[in-house]
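The structure displayed is predicted, hence computed values, not measured ones. First the proteins, then the strands, lettered A, B, ... as listed; each starts at 1.
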Amino acid sequence: MTKPQKVLVIGSGPIIIGQAAEFDYAGTQACKALREEGVTTVLVNSNPATIMTDEEIADIVYIEPLTVDVLTRIIERERPDGLLPTLGGQTGLNMAVALADAGVLDRYGVRLLGTPLETIRQAEDRDLFKQLLLSIGEPVPPSQSVYSLEEAWRVLDSIGLPVVIRPAFTLGGTGGGIARTRKEFEQVVTRGLLASPIHQVLIERAVLGWKEIEYEVMRDAADTCITICNMENIDPMGVHTGDSIVVAPSQTLSDRQYQMLRSAALRIIRALKIEGGCNIQFALDPYSDQYYVIEVNPRVSRSSALASKATGYPIARVAAKIAIGKRLDEIPNAVTGKTTAAFEPALDYVVVKIPRWPFDKFPRGDRTIGTQMKATGEVMAIDRSFEAALQKAVRSLELGGRSLLWEDPSWRDLETLWPLIETPNDQRLWAIFAALRREAPVEEISRRSGIDPWFIHRFARIVAMERRLLTEKLTPDLLRQAKRLGFSDKQIGTLADLLPEQVRTLRQAWGIRPVYKVVDTCAAEFEAVTPYFYSTYQQENEAEPLAGPKALVIGSGPIRIGQGIEFDYCSVHAVWALQRAGLRAIIVNSNPETVSTDFDTSDRLYFEPLDEESVRDVLENEGLRETPVIVQFGGQTAINLAEPLQRAGALLLGADAQAIDIAEDRQRFEDFLNRLGIPQPPGGAVTNVQEALTVAQRIGYPVLVRPSYVLGGRAMEIVYNATELIRYVTAATAVSNQHPILVDKYLEGKEVEVDAICDGTDVLIPGIMEHIERAGVHSGDSMAVYPGISLSPSEVETIVDYTIRIGRALGLRGLLNIQYVIYQGEVYVLEVNPRASRTVPFLSKVTGVPMVAVATNVMLGRSLAEQGYRSGLWPRQNLVAVKAPVFSMAKLVGVDTYLGPEMKSTGEVMGVDSSFYQALTKALLAAQLMLPPTGALLLSIADRDKPEALPLIQRLHHLGYRFYATEGTAAMLQAVGLPVQMITKRLHQGHPNVIDVIREGLVQGVVNTITGGRSEMADGFQIRRAATERGIPCFTSLDTLRAVIESLAHGGQHYSVRRLSEYRQQPLVEVRP
Amino acid sequence: MQDQRAILVLEDGSAFLGYAFGAPVDAEAEVVFNTSMTGYQEIATDPSYRGQMVVLTYPLIGNYGVNRQDEESRRPWIAALIVCECSPVYSHWAAVESLDEYLRRHGIPGIWGVDTRALTRRLRQRGTMRGVLTRIADDPDLRALTRRAATVRALSEQDLVGETSLPTTYRIPPPNGRSLGRVVVMDCGLKHNILRSLSRRNLEIIVVPHTATAEEILRHDPDGIVISNGPGDPAVLHGPIATVRALLTSGRPLFGICLGHQLIGLAAGGTTSRLGFGHHGANHPVKDLRTGAVHITSQNHEFQVDRASLPPSSGLFVSQINLNDGSVEGLAHRELPVFSVQYHPEGAPGPQDNQYLFDYFVDLCRSTRREKR
């Protein structure tokens, strides 16, 4: 095969459940690997918050919607001779198939690299897949594909319940599920047929309770095949692997079984002729050697990212090199520097992965887990014992300090626990521990949960240690044993009646400190050159402190709503900036999906939980006084560590705990702004219902209420009356009475956001962003436009002035994010965040100001002036960029989708063009919020919004849309003479009702606004869920709808497709060393 | 298992503390490490480990217990087992007892709670060392233990093959009665999966002791001969070397595995030497120099055939090499039906990727026999 010269790499688009940061890791590794081989890379992604879309990573970057039209135009312009579709998740694979089907690849002579088209189809089309496996003698569960419910009923007769229903060509099991009853069967099949783009589902016998084992396999063009590792899902078959607690390598398989499945995996990758990486999932009978092949992903996947981090083997990098014709034994092993990529990693530790579910944000959502993935992210921990790896992983989840000791107050006896143990859910692990504490037999827990007894026995060892810590006197021996089982100082303190700090002091006195060992792919058989470490309580420390000037960057932990990939982007850029400044950069993080946890990103990687204990241990290992810490880039995770680390004697670079406290302590913040004469919405901090009512009465309803010290607007609400306020405050104080609740006047104005860099004297504002949705919608869920196109010059001037004064007065060195609201011509400060915000990657990319690098240099003592910047607003670029949020609501059953002050989106996309409407259209397209040019809409508008909605509806009418509307809304339309079909929202009063209209595909979009009260919201809940499940846009803010209308009316569809650098038309400031 | 403390002391004076399991006896032997993540039972019962304590680098051992189907010989041969953690409970449908019980029953001691990575790094840096494993009550006399370690007899001074090889000749009929050929396997301390792999191919197998002469072997009129794996230093095995030398020119297909491979190298006039810390694991990449193909192999050996030592007149050439260190992994003959591999095509533990070599051997037996007729 001749080596391609120019390769198109398709990214995975926005972060959604089932497709998270792992594809930034994969795409970034691939681009770097291809560059090493002298291949020019053309990278396309709609997600700006990625390292792969940095112009230092790919040679040519397009931030454009991932559609066939756009990709065709890019191929036309760039004329790549190869397309690498296997690194952009399911999105990348689906786009490649669509381009091939449209004849685009043939027309322009683009060769598909890595995985043949036929293989993609074979792995995705369940029938072809089954035929292929049977032809090579690999067992598959009895199954059949169907295209309709009637067909499904016929098939069920021969297969029998329970069954798994898998829609073809969907991601993360979207729309699929397990059916144990005929009723469930009907529901899931119907949903699955809708979810599949080709309306095909597979009905498959469910082997519930069998072990689920995965293999990561690689193959090169010379047919050399290797496995990178295998993984055992602790949760047996029936739970999506992305929602399973996973351990690597497998723990309960004998070598015979390990090799049996390994050999099968090699046969499968050979039959599929994949050149690159592949993930294969097996079900293994716990009572025999019988197995079934369950699934094959003919591409780099979430599991590959986990396997890469678990073993140190860079799967995506090697896959990219194989795709352009390299053989495994021609690729050097970056870990040892001596051997080649043709070997299989040997682990001398155990790895535990736990998914991070969003139910802390959506407590009312359906918390059960099954074949449809619900986790937004995951954490990984490494140790030399299973117990310690598990407990470190739990600490890494950052569930408000919740260790395995946590129990829900409603858990009493075993009878209350069994349902949680029998039906998988996000709290099952804790419920099992609670059951063990209540003397439930290991075998019974195993039988009821389907989890192998070996794991339950290990859990029981943790519980046994809890008892010892509760009852015995703490001795050096006992403490060491507890640390070896992964108990945190805090847990030990709780059990032994000590403060965490006292446990730490005891540890130091007794010489019980963690040592750090290397992840080296070879179990110490060869000397490793990679600086990838994990902690353990054993004899030998391999991490001698790094010599010379250095700094430690605290990462951002698992991807969750409110703290996404943006902060990994910032952490990675901080590392690079440190290195350019001549420092050695150390990173601590717990997230296996990210670029920051690639072993070649930093000078040293500690894969550790991001809590006080672990970070202090790392700092003490490196030298507390020799290792300054950067907390600005890791989101709230890192910011929360500022105060304890400073107290422990760490040197913080940039923001100190003082500035953070001013920004987050309501009273201090108010005094601070008063001194500067800068207005903020009136309000106050309260700690009980009485105070809350007093404040609200003084400032008047509606009020915005939220707890202090949070990120992602968690539990933030707009409250319209005293009843609602009492409910909110009562609930919030029940959770935590440590931090007060903030009650502010809700100003329904235009929201504006700035990111700035301060050096103590000067304040540089790279750009101003204006939100499309008015204040009240969380900034992370709002569409935002750069530059602030509708702001008056005097408003811009005021914002710049306030920002500079706040930056100076805070005495901050580094990044600053301020949110303003413009209400009746006056600018108010809503929020000041003395840290990197989620808009930093977006703004860096559109303005060309390398914000993280500049901020890092400032922290290191180089002023803005020295770096060639000065105070004020950076010249506006000759482009418009629109950021739009992306939600994963289809995966989260029972979660309401309306936009409010609480953040709900999982990712974002960017549309950029030389004019607003084109940029807007691209953002809407990429976020799948765009309406088709014609069609019908369902309208259900709250009374409060009707006057404002009417002109919008009239414009939609002129654009040619037809309407269905609920009772009140229909009456309004009829009154002004607009044609409308009234449709009832009373679901129990005959058909068709609003849900039927949506489910039957009669409408292409829904407009549903709410007034805020809980009861009114329940009304529209069914409508919004139905729209989500049908996959059509649902607008809950008239501002978003207005944006769509503007885009439609102004010919936004005539957008351009250009390189990011062409839009900016300005040379980038050099960012890589 | 928590109570009894134990210590491993190496001849360089380094000491590793832990807790005792298995049999309550001391061990004095060489210490080697194995990087396989599964297969402790197969490792324990591999006769090639006779005279060696084995450190398992994977930290969680014993999880799936011990079963009846994965024995690689009639008993475990390792001198002792050194692990980070030996699971007190096991979970597997085929398991019949715990690893602890199994080792105790066979009189083999173990130590757990050891920082096996630190120990492995030590062995990698300093090479394979001798050591003493003993149970302790109070502070151990490290100096005395170090001295004891330094007096452990070298592998080459022990008759390890004699201890592991059975002194009798026995026949294994083909599994379904119809034999596709007859092979003689010379037992130098063989692993049962070699026999299973041959038997699965419907061969009649005659196993002879390592003391069998070429004449005795050829008297069975075999279609092919397998020289098995086994423990220790091949260079001291003068009898078997002479036997193999005679077999080389017999015209019968000859297949050497591990020690058998070394014996073929020596018989052909080559030399062998010790590797720094051996190859013990299930992940060694081997490249076939004739085809360029790379295979993952299972390995367990201390000695290697020296690459440049084979006289050209022997007709043998290096057919395969280890991708990690370039050492010899396979030999083949230019004219004669003779070939050998340093690794274990039978796996157990380890990959089954090289089972094709048994197919190749069977084909070779068949074609040679056809020519003969």
Side-chain angles (χ1 to χ4, degrees), chain A residues 220 222-227 249-260 262-263 266 285-289 327-329 336 338-340 342-350 384-386 442 446 452-455 457-458 461 481 515 517-518 522-527 536 538-540 542, chain B residues 2 16-17 33 35-42 57-60 63-65 67 69-70 84-85 87-95 114-125 277 280-285 287 291-296 323-325 347-353 355:
Chain A
D220 68 15
D223 205 29
T224 295
C225 294
I226 58 169
T227 57
S250 61
Q251 298 302 325
T252 67
L253 268 58
S254 65
D255 185 65
R256 179 183 296 265
Q257 294 175 315
Y258 182 104
Q259 303 302 341
M260 170 182 78
R262 181 184 169 282
S263 297
L266 298 191
D285 182 2
Y287 304 107
S288 77
D289 286 343
R327 296 165 46 134
L328 279 162
D329 59 310
T336 61
K338 294 187 186 80
T339 54
T340 74
F343 79 108
E344 300 199 343
L347 279 58
D348 59 359
Y349 47 80
V350 53
R384 302 262 298 166
S385 78
F386 170 76
V442 166
S446 172
D452 192 281
W454 188 85
F455 295 108
H457 272 294
R458 294 285 155 156
R461 284 188 14 158
Q481 284 180 37
V515 297
K517 295 204 179 281
V518 182
C522 61
E525 186 170 3
F526 305 99
E527 197 169 343
T536 185
Q538 292 209 326
Q539 199 173 330
E540 183 186 47
E542 296 174 39
Chain B
Q2 186 90 30
F16 298 85
L17 275 168
F33 65 87
T35 60
S36 302
M37 295 182 285
T38 51
Y40 49 82
Q41 186 178 356
E42 291 90 332
T57 60
Y58 185 67
L60 308 185
N63 298 358
Y64 53 85
N67 61 47
Q69 47 178 347
D70 293 329
C84 182
E85 198 177 292
S87 186
V89 295
Y90 61 89
S91 168
H92 197 276
W93 65 270
V114 171
D115 186 343
T116 45
R117 183 170 166 92
L119 172 56
T120 301
R121 277 162 51 85
R122 192 100 185 155
L123 295 172
R124 179 191 81 212
Q125 285 154 2
F277 47 89
H280 310 275
N283 66 343
H284 282 262
K287 184 167 185 161
T291 61
V294 177
H295 291 109
I296 302 298
L323 269 183
N324 290 339
D325 61 7
Q352 298 294 309
D353 303 13
Q355 281 279 346

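- Looking at T291(B), there are no atoms closer than 4.5 Å to chain A (heavy atoms on both sides), in backbone or side chain.
- A salt bridge is absent between D325(B) and K338(A): the closest approach of a Lys/Arg side-chain nitrogen to an acidic carboxylate oxygen does not fall below 4.0 angstrom.
- Using a 4.5 Å cut-off between heavy atoms, R117(B) touches chain A through backbone and side chain atoms alike.
- When heavy atoms are compared at a cutoff of 4.5 Å, A94(B) does not approach chain A at all.
- Minimum heavy-atom separation, R327(A) to A293(B): NH2-N, 4.4 Å.
- Between chain B and the residues T340(A), D285(A), L347(A), the largest count of heavy-atom pairs under 4.5 Å involves L347(A).
- Looking at V515(A), neither its backbone nor its side chain comes within 4.5 Å of chain B, counting heavy atoms on both sides.
- Annotation: side chain of V350(A) is in contact with side chain of L60(B) (closest heavy-atom distance under 4.5 Å).
- Looking at every heavy atom in both residues, A118(B) comes nearest to K517(A) through N-NZ, 4.3 Å.
- Here the shortest heavy-atom pairing between Y58(B) and Y349(A) reads CE1-O, 3.5 Å.
- In terms of the salt bridge (charged side-chain N to carboxylate O under 4.0 Å, His left out) criterion, residue partners of R256(A) (sequence neighbours excluded) are, by chain and number, D70(B).
- With contacts defined as side-chain heavy-atom distances shorter than 4.5 Å, the pair Y40(B)/D255(A) does not qualify.
- Counted by atom type alone, T339(A) and N324(B) present zero donor-acceptor pairs between their side chains at under 3.5 Å.
- Proximity of M37(B) to Y258(A): side-chain heavy atoms (C-beta onward) are separated by under 4.5 Å at one or more points.
- The side-chain heavy atoms of V114(B) and Q538(A), taken from C-beta on, include no pair separated by under 4.5 Å.
- Scanning all heavy atoms of the two residues, the minimum distance from E525(A) to N283(B) falls at OE1-OD1, 4.4 Å.
- A donor-acceptor pair is defined here as one N or O able to donate and one able to accept, closer than 3.5 Å; no such pair exists between the side chain of R384(A) and the backbone of C84(B).
- Contact annotation: the side chain of F16(B) approaches that of Q539(A) to within less than 4.5 Å [non-hydrogen atoms, C-beta and beyond].
- Between the OG1 atom of T38(B) and the CD atom of Q257(A) there is a distance of 10.0 Å, given to the nearest 0.5 Å.
- Looking at S254(A), the atoms closer than 4.5 Å to chain B (heavy atoms on both sides) sit in the backbone and in the side chain alike.
- Residue contact with chain B, scored on non-hydrogen atoms closer than 4.5 Å, involves the side chain of L266(A) exclusively.
- Atom CH2 of W454(A) is separated from atom OG of S87(B) by 6.0 Å, given to the nearest 0.5 angstrom.
- Distance check, rounded to the nearest 0.5 Å: CG of L253(A) to OH of Y64(B) gives 9.0 Å.
- Taking both residues in full, the closest heavy atoms of D452(A) and S91(B) are given as OD1-OG, 2.6 Å, listed atom of the first, atom of the second, then distance.
- For the pair R122(B) and E540(A), the minimum side-chain heavy-atom distance is 4.5 Å or more.
- Proximity to chain B involves both the backbone and the side chain of Q251(A), based on heavy atoms less than 4.5 angstrom apart.
- Interatomic distance, Y90(B) OH to T252(A) OG1, rounded to the nearest 0.5 Å: 14.5 Å.
- Heavy atoms closer than 4.5 Å to chain A are found nowhere in H295(B), neither backbone nor side chain.
- In this structure, OG1 on T227(A) lies 7.5 Å from CD1 on I296(B), to the nearest 0.5 angstrom.
- P286(A) touches chain B through its backbone: at least one of N, CA, C or O sits under 4.5 Å from a heavy atom, while the side chain does not.
- By number of non-hydrogen pairs under 4.5 angstrom with chain A, the leading residue of Q41(B), Q125(B), Q69(B) is Q69(B).
- Heavy atoms of A342(A) lying under 4.5 Å from chain B belong to its backbone as well as its side chain.
- Using a 3.5 Å distance cut-off with no hydrogens or angles, the side chains of T57(B) and D348(A) do not pair a donor with an acceptor.
- Between chain B and the residues C225(A), S263(A), A222(A), P249(A), the most heavy-atom pairs under 4.5 angstrom are made by P249(A).
- Within the 4.5 angstrom heavy-atom criterion, atoms from both the backbone and the side chain of F526(A) approach chain B.
- Between W93(B) and D289(A) there is a side-chain heavy-atom pair separated by less than 4.5 Å.
- Using a 4.5 Å cut-off between heavy atoms, F33(B) contacts chain A through its side chain alone, with no backbone atom that close.
- Taking each heavy atom of P351(B) and Q259(A) in turn, the nearest pair found is CA-OE1, 3.3 Å.
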